[in-house]
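First the structure, in the form of structure tokens, and then the observations on it.
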Amino acid sequence: MGLEMHNSLSRRREPFVTLVPGSVSMYVCGPNLYGPAHVGHALSYIFFDVVRRYLEYKGFQVRHVQNFTDIEDRIVARAQEEGRSIFAIAQEYIERFLREMDALRVQRAHHYPRATEVIPKMIEIILGLIARGYAYEVDGDVYFRVTSFSRYGLLSGRSLDQMQAGARIEVDERKEHPMDFALWKASRSGEPSWESPWGPGRPGWHIECSAMSMQFLGEQIDLHGGGDDVRFPHHENEIAQSEAYTGKAPFARFWVHNALMKPPVGDEMHRHLGNFVAIRDALARYEPDVIRLFVLSAHYRTPSRWTDEAVDAAGRGLDRLRAALANADTVLGSDPLPLQDGPLATKASESRTAFERAMDDDFGTPAAIAVLFDLAAEINRASGSAMGGNVEPAGGMVHAAAALRTLAGVLGLRVVPDAIPPGAAAAVLQILDEMRAADPALFPGEGGQHNAGEAIALLLSGRGRAREARRFDLADRVRARLGEAGIVVEDLPGGSRWRLVSRRDARA
RNA sequence: GGCGGCGUAGCCAAGAGGCAAGGCAGGGGUCUGCAAAACCCCCAUACGCCGGUUCGAAUCCGGCCGCCGCCUCCA
């Protein structure tokens, strides 16, 4: 079965067929740069990152463009409040956004055009629209004439009459129709402005995406994504202005919208409401993998709520996946496994199939994650058996571990833990000194420049000697002290192992 | 008023006609010097409520209740 996805335009699931076989042009609506991004943005960009990774996994050549809205009412307002230029504000938040996306391991788009960089293209489109009767100028403003575009309302599933009925804002009397939207706004005093055939002004919000999309991907694209909140009016308007200008439809073959994330308390997470969880704060408390696993554990069209309890639970689940890879490595490392084939090789290929079936079904990440857990359990069973002496069930372990890594990788999960944090590293060195002082015979050596990994290895070997000598007081002390530093010691049949406790709850 | 979504175990969350995935938490075991991890077993006769269609319904139809989003700020 091939990939099928829900198309907002038809409100149905459709087989994914691209304009050019084997390649995908993908445009995702980026953030307005008036403030920091929150976990709702993270959800959207993590999801579309998975869309891209999966398309690439399936062999598509993906071209991915995401805009930065650097000129818009809120940024202008903010610039005036702070006495800074819109460019300074945009620059600050662009850098921050990219840093945060990198931290979340969202693959960078191929292009991140800014609205202010494509103004010539916008003007070209607006001129074309006016020439064809789809737009008109009033006092330096230019509006799109919605009544001229018969398909207006198709994406959002409403008619102009319905929208008029519910219009909740004051109508600008200069507009021909209340729903006509601004393509270009004449500049007011103090606002940044650009020269245009209609005098100095600045672009309306919607035109940028049409301009960028056409400039970087072409007049028709395969996939256009964004949060459910931009379906109307933003995407509806993009379709109208783009298709009216090019005369080609559809502007985008597939419209994909993710449901919005809810805040810990309340219903809507919005920057202007002040009830958001900033990505920066989330990253301070949770590892990227924890955030990704949490986000992807709910289907992208189901609204989820960011709560400590739910994110913590994702963190514990992540530990489980990590344990499986650690077990696999232990088995593969300790005893060169002659069995290339075996039950786990079969399991690996079954898992790939199941994973693809889940993802082909409108990006069913929850089911895909279930496949990962199922595979992990199988690896753990076989590992336990192998460590107990029965190697037979571990045949094909290499393939199972590889499959787990690969499939987790499609979701952007690294599964391996973060590096030892500086604080823990310092603590480890201190613990080593402490144990050497306590019992130089069991913990020999002194001073020396060790890195944290070496120090832990020395501590564990010393602890092994202590256990053999039945000095459980010392052995337990090592384990307890390391535990305080966030390092968990596990005694396996073949020796001891350590791991970092996953960063998943820093409430304390 | 119009359009749309949601309601599944203590929590998170899949499933969309064939007899309730997965994760977290919890209980009981195995293993361990003790732990930890892992593994095994248990944990929704039940999917907001009421009807209907069907051999069979969380899944389809009708009605009702509750919650939410959008209808020119918004991922």
Side-chain angles (χ1 to χ4, degrees), chain A residues 11 28-32 34 37-45 47-48 72-74 77 153 156-159 161-169 171-172 178-182 204-206 225-234 236-237 257-262 267-273 293-294 297-299 301-305 307 309-324 326-327 358 361 364-374 376-377 379-381 383-385 387-388 467 470 472 475-476 479-480 483 488-493 496-497 499:
Chain A
R11 291 182 249 311
V28 179
C29 273
N32 182 328
Y34 77 90
H38 55 59
V39 291
H41 295 98
L43 176 154
S44 189
Y45 300 121
F47 167 65
F48 285 106
E72 187 273 341
D73 292 357
R74 284 183 188 276
S156 48
R158 25 187 140 215
S159 67
D161 292 342
Q162 291 169 345
M163 289 188 263
Q164 260 182 291
R168 68 177 182 187
I169 59 143
V171 175
D172 184 337
M179 295 310 296
D180 287 351
F181 57 91
W205 174 38
H206 315 295
D228 206 37
D229 51 346
V230 291
R231 182 191 305 221
F232 187 90
H234 187 56
E236 189 73 62
N237 292 352
H257 295 102
N258 61 272
L260 303 187
M261 180 179 282
K262 292 185 276 193
D267 295 308
E268 297 175 65
M269 183 180 297
H270 278 307
R271 289 180 290 190
H272 67 273
L273 292 178
L293 191 61
F294 166 70
S297 66
H299 185 82
R301 290 193 289 111
T302 299
S304 58
R305 183 185 293 282
T307 64
E309 195 181 9
V311 184
D312 290 347
R316 293 189 201 94
L318 178 65
D319 284 343
R320 195 175 172 70
L321 297 178
R322 284 180 174 166
N327 285 333
D361 184 5
T365 55
I369 288 170
V371 171
L372 260 37
F373 280 110
D374 187 48
I379 288 174
N380 286 334
R381 270 189 288 276
S383 298
S385 169
M387 286 188 246
R467 290 177 71 206
R470 314 291 292 177
F472 295 121
D476 289 348
R479 188 170 62 197
V488 181
V489 175
E490 298 172 351
D491 298 327
L492 281 72
S496 296
R497 188 169 77 183
R499 67 184 166 89

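Quick note: numbers below take in every heavy atom, side chains included, and nothing from hydrogens, waters or symmetry partners. We name chains A, B, ... by the order of the sequence lines, and we start the count at 1 in each one.
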- Message: Any donor-acceptor pair, under 3.5 Å, between the side chain of A:Arg381 and the base of B:rC39, if you only look at N and O atoms?
- Response: no
- Item | A:Ala259: side chain to side chain contact (heavy atoms under 4.5 Å, CB included) partners, not counting sequence neighbours | A:Pro303
- Task: Would you mind classifying the nucleic acid contact of A:Gly40 as base, sugar-phosphate or nothing, using non-hydrogen atoms under 4.0 angstrom?
- Result: base
- If one requires at least 3 consecutive Watson-Crick or G-U pairs with distances under 3.5 Å, the stems of RNA chain B turn out to be B:1-7 with B:65-71, B:10-12 with B:22-24, B:26-30 with B:38-42, B:48-52 with B:60-64
- Message: Going by the rule side chain to side chain contact (heavy atoms under 4.5 Å, CB included), which residues pair with A:Val371 if we only count those two or more places apart in sequence or in a different chain?
- Response: A:Ser351, A:Ala354, A:Phe355
- Please determine, for the side chain of A:Arg470, which listed nucleotide (B:rA75, B:rG33, B:rC71) has the closest atom? B:rG33
- Query: Can you list the residues that meet the salt bridge (Lys or Arg N to Asp or Glu O under 4.0 Å) rule with A:Arg381, with sequence neighbours excluded?
  - Reply: A:Glu378
- Tell me, please, which residues at least two apart from A:Asp476 pass salt bridge (Lys or Arg N to Asp or Glu O under 4.0 Å). A:Arg479
- What residues, two or more places apart in sequence or in another chain, satisfy side chain to side chain contact (heavy atoms under 4.5 Å, CB included) together with A:Ala475? A:Arg463, A:Ala466, A:Arg467
- Message: Side chain of A:Ala298 only, heavy atoms from C-beta on: which candidate in B:rA36, B:rC73, B:rA14 is closest?
- Response: B:rA14
- Message: So if I take every side-chain heavy atom of A:Met269 and compare against B:rC71, B:rG33, B:rA75, which nucleotide ends up nearest?
- Response: B:rA75
- Indicate, with a heavy-atom threshold strictly under 4.0 Å, whether A:Asp319 touches base, sugar-phosphate, or nothing. nothing
Check: protein-nucleotides 28-32 of chain B nitrogen or oxygen pairs below 3.5 Å:
none

- Atom CG of A:Asn32 to atom C1' of B:rA75: distance rounded to whole Å? 11 Å
- Query: When only distance counts, do a donor and an acceptor, one from the side chain of A:Arg271 and one from the base of B:rC73, lie under 3.5 Å apart?
  - Reply: no
- Query: B:rA37, B:rG33, B:rA75: which one has an atom nearest the side-chain heavy atoms of A:Ala323?
  - Reply: B:rA37
- Name the nucleic acid region contacted by A:Ser156, choosing base, sugar-phosphate or nothing; use a 4.0 angstrom heavy-atom cut-off, strictly under. sugar-phosphate
- Task: Name the nucleic acid region contacted by A:His38, choosing base, sugar-phosphate or nothing; use a 4.0 angstrom heavy-atom cut-off, strictly under.
- Result: base
- Whole-Å distance between B:rA37 P and A:Leu321 CG? 15 Å
- Would you please name every residue forming a side-chain hydrogen bond (donor to acceptor under 3.5 Å, both in side chains) with A:Arg158, sequence neighbours left out? A:Ser156
- Note on the structure: salt bridge (Lys or Arg N to Asp or Glu O under 4.0 Å) filter on A:Arg499, not counting sequence neighbours, yields A:Glu490
Pairs under 3.5 angstrom, nitrogen or oxygen only, protein versus nucleotides 22-26 of chain B, please.
| unit_1 | atom_1 | unit_2 | atom_2 | d |
| --- | --- | --- | --- | --- |
| B:rC24 | O2' | A:Arg316 | NH1 | 3.1 |

- Item | Interatomic distance at C1', B:rA44 relative to B:rA20, whole Å | 8 Å
- Query: Partners of A:Thr302 by side chain to side chain contact (heavy atoms under 4.5 Å, CB included), sequence neighbours excluded?
  - Reply: A:His299
- Check salt bridge (Lys or Arg N to Asp or Glu O under 4.0 Å) between A:Asp228 and all other residues, then give those that pass, not counting sequence neighbours. A:Arg231
